[in-house]
Amino acid sequence: MPAVEIKPNVYWIGVNDRTTDLFEGLWPITKEGVSYNAYLINDEKKIIIDLAKALKTDEFFDHIAEIVPIPEIDYVVINHMEPDHTGVLRTFRKMAPKAPILGSPKTKAMLESFYGITENVRAVKDGEMLSLGQMTLQFFSTPLVHWPETMMTYETSQRLLFSCDAFGGYGALRGAIFDDECEDLDFYQKETLRYYVNIMAKFSRPGLKAIEKLADVPVDIIAPSHGLIWRQNPQLIVNLYKKWAEYATGPTEAGITLIYGSMYGNTENMMNAVAQGISPTGVPLEIFDAARTHVSHILPSLWTKAGVMIGAPTYEGTLFPPMAQVLEMAALKRVLNKKIAYFGSYGWSGGALKHLQKIVEPVKWELVDSFEFVGKPSDEDLRKGKEFGAAFAELIKAQG
Ligand code: FEO
């Protein structure tokens, strides 16, 4: 995709990544892709805001050269040091050695540790302004959105906010870079939630602080470093981020995430009975097989829904390992304050429930009910399982 002018003399110069399988080496994006958005302002002073992963280096520098000869760039702003936005920095340095790198004070130290760059780096202060000629930038410190050094850059005359990771999402751009040109906003909203919970959720409190800090700053366009640029309805993405951040400690949606794992189908049979109990209550239900679904896709449901129904057998005296891995990641991501119920099969001794409680106790998941059975569930077990599912759903519904 060639560079796109998003406002007079302000250009999107990003690149799409449809070849990386795992974002951060961890989160699957094979089908969805991701974009690394960067921006160029061509004023009396010429400045680049954020860079890109060292992946499509030629394409990235070609974008810049379409507009400005690279050695004529006056500054580069690093809003965030993570290498998906800075991977081409050393190459850029060689091409434009005189352009100072601007970032937060913590960026300075990270530039040395990540890239060995110490020269011609300038730390900007929170609120500092930089005149480019007709346009003026202002820098806002927004620590821990996503890393400690993170900041955002605001252009005052055209009211553009370059927010980097904040307000971003998975999903390579499909020709359209703006929300109002996008034919499938549902896809980007879904992938933005997955990105939020995978990447940003642990930093929800700093995210809310940043939203509060910038609440009185007039913004016409939100230009993040991943996903769509929000110009028709920038408030939409702010409201979504705010809602998801508030889920970190506040009330969530009256729904149930049912995660199950099964070795020989016995716990799966019970899962179907439990789901039959939940379904007639009308409580929204999502079902995931822990062994066959990457946790990246389970986390959004866990984050947004109040109830978690966990079905897994005992495996060698512990919780079925794929389930333990899902719950351990949920705990790492600080998915807090859930109401949970557990069911599962065991062969000769239990142990799964005890292990489960150990994993979720630090994140304050409250076990409200449990139901274990030996081997294959009997007809009576399945009848009880249905009632067990219905009772849990009614409890979640009553909280909604
Ligand atoms: Fe898109 Fe935290 O990097």
Side-chain angles (χ1 to χ4, degrees), residues 12-30 32-39 48-57 60 76-90 92 101-104 106-111 113-115 139-153 161-173 177 188 191-211 222-230 237 240-241 244-245 248 296 299-300 329 332-334:
W12 172 87
I13 53 164
V15 291
N16 264 333
D17 179 358
R18 294 183 184 277
T19 48
T20 296
D21 290 318
L22 298 172
F23 190 75
E24 289 191 336
L26 179 60
W27 310 106
I29 54 164
T30 307
E32 300 82 4
V34 70
S35 69
Y36 311 114
N37 301 335
Y39 301 92
I48 295 175
I49 299 167
D50 293 318
L51 298 168
K53 189 173 167 181
L55 180 87
K56 299 206 168 173
T57 311
F60 182 73
V76 60
V77 174
I78 300 295
N79 278 320
H80 174 32
M81 270 297 300
E82 195 162 4
D84 54 332
H85 309 291
T86 59
V88 300
L89 185 57
R90 278 196 300 197
F92 175 79
I101 299 170
L102 309 181
S104 71
K106 286 194 169 127
T107 297
K108 250 186 129 165
M110 285 186 171
L111 280 167
S113 55
F114 276 76
Y115 297 110
F139 305 104
F140 289 105
S141 170
T142 53
L144 291 168
V145 189
H146 162 215
W147 284 6
E149 85 298 358
T150 319
M151 64 178 199
M152 296 188 196
T153 299
L161 182 67
F162 302 100
S163 57
C164 203
D165 275 354
F167 312 123
Y170 297 138
L173 297 166
I177 66 167
Y188 286 100
E191 287 304 316
T192 300
L193 172 61
R194 186 163 70 95
Y195 166 90
Y196 182 82
V197 184
N198 292 180
I199 310 295
M200 306 296 283
K202 193 161 179 172
F203 308 98
S204 288
R205 189 176 292 178
L208 284 171
K209 269 191 189 167
I211 289 172
I222 291 183
S225 289
H226 300 293
L228 292 172
I229 297 172
W230 301 85
I237 194 67
L240 283 173
Y241 259 67
W244 297 331
S296 169
L299 285 170
M329 181 58 88
L332 180 73
K333 290 292 168 186
R334 305 295 293 163

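Whatever order the structure lists ligands and atoms in, that order sets their numbers, starting from 1.
- Looking only at distances, no side-chain donor or acceptor of Ser35 sits under 3.5 Å from a matching main-chain atom of Leu173.
- The OD1 atom of Asp165 and the NE2 atom of His226 subtend an angle of 90° at atom 1 (Fe) of ligand 1, given to the nearest 10 degrees.
- With Leu51 as reference, Ile78 is the one residue of Asp84, Ile13, Ile78 to meet the side chain to side chain contact (heavy atoms under 4.5 Å, CB included) rule.
- In this structure, Asp50 contributes its side chain and Tyr39 its backbone to no donor-acceptor pair below 3.5 Å.
- As for Glu82, its N/O/S atom nearest atom 2 (Fe) of ligand 1 is the one called OE1.
- Minimum-distance N/O/S atom of Asp84 relative to atom 1 (Fe) of ligand 1: OD2.
- For atom 2 (Fe) of ligand 1, the set of nearby N, O or S atoms under 2.8 Å includes none belonging to Cys164.
- Atom 2 (Fe) of ligand 1 lies at 2.8 Å or more from every N, O or S atom belonging to His85.
- Per residue His146, closest N, O or S atom to atom 2 (Fe) of ligand 1: atom name ND1.
- Ring pair Tyr36/His226 is perpendicular by interplanar angle, where above 60° counts as perpendicular and below 30° as parallel.
- Checked by atom type and distance alone, the side chain of Trp27 never pairs as donor or acceptor with a backbone atom of Gly25 at under 3.5 Å.
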